[in-house]
Colleague: 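Pasting a structure here, questions to come.
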Amino acid sequence: MTRKKRSYKRQVVADFKYNSAMITRFINRVMKCGKKSTAESIVYEVLEMLGEKTGKDPLAAFQTIIKNVTPLMEVKSRRVGGSTYQVPIEVKHDRGLSLAMRWIIQNARNGNNGTMVTHLFSEMHDAFNNTGSSIKKKDDTHRMAEANKAFAHFRW
């Protein structure tokens with residue numbers, strides 16, 4: 001336990017176009033080397049493309065994507081005696097959002113050729129349709145938690 005003061009979560013200012021704090025968090029995750037205007041242009045272009053492709057409001061489509069990718073359970077390592085167990089735990093809301101955004105951006109960055117806009121759009125469109133790498137990662141996480149359900153009594 002540290003002796004420092006408790007750290008508090010900073011409130012994120014809502015973005016100017018959609019007035020959503022979740023989109024601001026996503027833009028900050030996409031941002032590299034402090035180039036926020038570049039990250040904003042990428043995310044806004046992808047959201048416009050999603051709105052056209054899905055026929056829904058871009059903000060509603062984005063919220064659906066995040067909801068589809070957010071995990072409900074994950075495993076954490078607990079050392080009991082001499083053994084390490086993978087103990088399934090429920091994911092808190094903030095951590096679930098962070099994991100979902102991280103997985104989407106990570107899978108978009110792993111694309112081979114093309115721009116970040118095309119990779120991010122394809123990954124988000126797949127997540128909207130409950131397919132793709134991010135959904136597979138969520139399913140793998142849930143499957144791992146389900147397989148280790150026997151060790152749930154080590155949770156504390």
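Note that the coordinates shown come from a computational prediction; the quantities given were computed from them, not determined experimentally.
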Colleague: Report yes if the side chains of His142 and Leu72 come closer than 4.5 Å at any heavy-atom pair, otherwise no.
Modeller: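 Result yes, sub-4.5 Å side-chain heavy-atom pair found.
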
Colleague: Does Val75 reach the side chain of Val87, with side-chain heavy atoms less than 4.5 Å apart?
Modeller: no

Colleague: When you check the side-chain N and O atoms of Lys36 and Asn28, is any donor under 3.5 Å from an acceptor?
Modeller: yes

Colleague: Do Leu120 and Ile104 have side chains that get closer than 4.5 Å, going by heavy atoms?
Modeller: yes

Colleague: Testing the basics here: between Val69 and Trp103, what is the closest heavy-atom pair and its distance to 0.1 Å?
Modeller: O-CZ3, 3.8 Å

Colleague: For Gly114, does its backbone N or O pair with a side-chain atom of Thr118 as donor and acceptor, under 3.5 Å?
Modeller: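 Such a contact is absent between Thr118 side chain and Gly114 backbone.
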
Colleague: Side-chain heavy atoms under 4.5 angstrom apart, residues restricted to Ile, Leu, Val, Met, Phe, Trp, Tyr: same cluster for Phe128 and Leu97?
Modeller: yes

Colleague: Could you tell me which non-hydrogen atom of Gly111 sits nearest to which non-hydrogen atom of His119, and how far apart they are?
Modeller: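 So the two residues come closest at CA-CE1, 3.4 Å.
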
Colleague: Do Lys53 and Phe121 touch side chain to side chain, with heavy atoms closer than 4.5 Å?
Modeller: yes

Colleague: Inspect the contact between Asp140 and Arg143 and indicate whether a charged nitrogen and a carboxylate oxygen are less than 4.0 angstrom apart.
Modeller: yes

Colleague: Got Arg29 and Ser98 here, is their nearest side-chain heavy-atom distance under 4.5 Å?
Modeller: yes

Colleague: Do the two ring centres, one from Tyr18 and one from Phe62, sit under 6.0 Å apart?
Modeller: no

Colleague: Between Glu123 and Arg109 (salt bridge meaning N to carboxylate O under 4.0 Å), is one present in this structure?
Modeller: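 Here Glu123 does not pair with Arg109 in a salt bridge, since their nearest N and O are not under 4.0 Å apart.
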
Colleague: Using atom types as modelled and distance alone, determine if a side-chain donor or acceptor of Asn148 lies under 3.5 Å from a backbone N or O of Pro88.
Modeller: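 Not a single qualifying donor-acceptor pair exists.
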
Colleague: What distance separates Met144 CE from Asp139 CG, expressed to the nearest 0.5 Å?
Modeller: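 Rounded to the nearest 0.5 Å, the CE-CG separation comes to 13.5 Å.
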
Colleague: Can a salt bridge be assigned to the pair Glu40 and Lys17 using a cut-off of 4.0 Å between side-chain N and carboxylate O?
Modeller: no

Colleague: With clusters defined by side-chain heavy atoms of hydrophobic residues (ILVMFWY) lying less than 4.5 Å apart, directly or transitively, does Ile135 cluster with Met73?
Modeller: no

Colleague: Could you pull out the closest heavy-atom pair between Ala14 and Thr24, with the gap in Å?
Modeller: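 Smallest heavy-atom distance, with atoms named: C-OG1, 3.4 Å.
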
Colleague: Side-chain heavy atoms nearer than 4.5 Å, only ILVMFWY residues, links allowed to pass through others: does that put Met31 and Ile42 together?
Modeller: no

Colleague: I need the Lys67 NZ to Gln63 CD distance, nearest 0.5 Å.
Modeller: 10.0 Å

Colleague: So do the side chains of Pro58 and Leu50 get within less than 4.5 Å of each other, counting heavy atoms only?
Modeller: no

Colleague: Met124 versus Phe26: any side-chain heavy-atom pair under 4.5 Å?
Modeller: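 Yes. Closest side-chain heavy atoms under 4.5 Å.
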
Colleague: For Val46 and Val117, work out which heavy atoms get closest and say how close.
Modeller: CG2-O, 3.6 Å

Colleague: Does any N or O in the side chain of Ser134 come within less than 3.5 Å of the main-chain N or O of Ala127, such that one atom is a donor and the other an acceptor?
Modeller: no

Colleague: Under a 3.5 Å distance rule, please check whether Ser41 uses its side chain to pair with a backbone N or O of Thr38 as donor and acceptor.
Modeller: yes

Colleague: Quick one: list whatever passes side-chain contact (heavy atoms from CB on, under 4.5 Å) with Ser77, sequence neighbours left out.
Modeller: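 Residues passing side-chain contact (heavy atoms from CB on, under 4.5 Å) with Ser77: Thr84, Gln86.
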
Colleague: With the side chain counted from C-beta on, respond yes when Asp94 and Arg25 share a heavy-atom pair under 4.5 Å apart, and no when they do not.
Modeller: yes

Colleague: Please name the pair of heavy atoms, one in Asp15 and one in Ser20, separated by the smallest distance, quoted to 0.1 Å.
Modeller: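 Result for this residue pair: OD1-N, 2.8 Å.
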
Colleague: Over all heavy atoms of both residues, which pair between Leu99 and Pro71 is shortest? Give the atoms and the distance, please.
Modeller: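 Residues Leu99 and Pro71, closest heavy atoms: CD1-CG, 3.8 Å.
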
Colleague: Does the separation of the ring centres of Phe16 and Tyr44 fall below 6.0 angstrom?
Modeller: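 Yes, they do, as the ring centres are separated by less than 6.0 Å.
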
Colleague: Could you give the distance from OG1 (Thr54) to CG (Asn129), rounded to the nearest 0.5 Å?
Modeller: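 Rounded to the nearest 0.5 Å, the OG1-CG separation comes out at 9.0 Å.
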
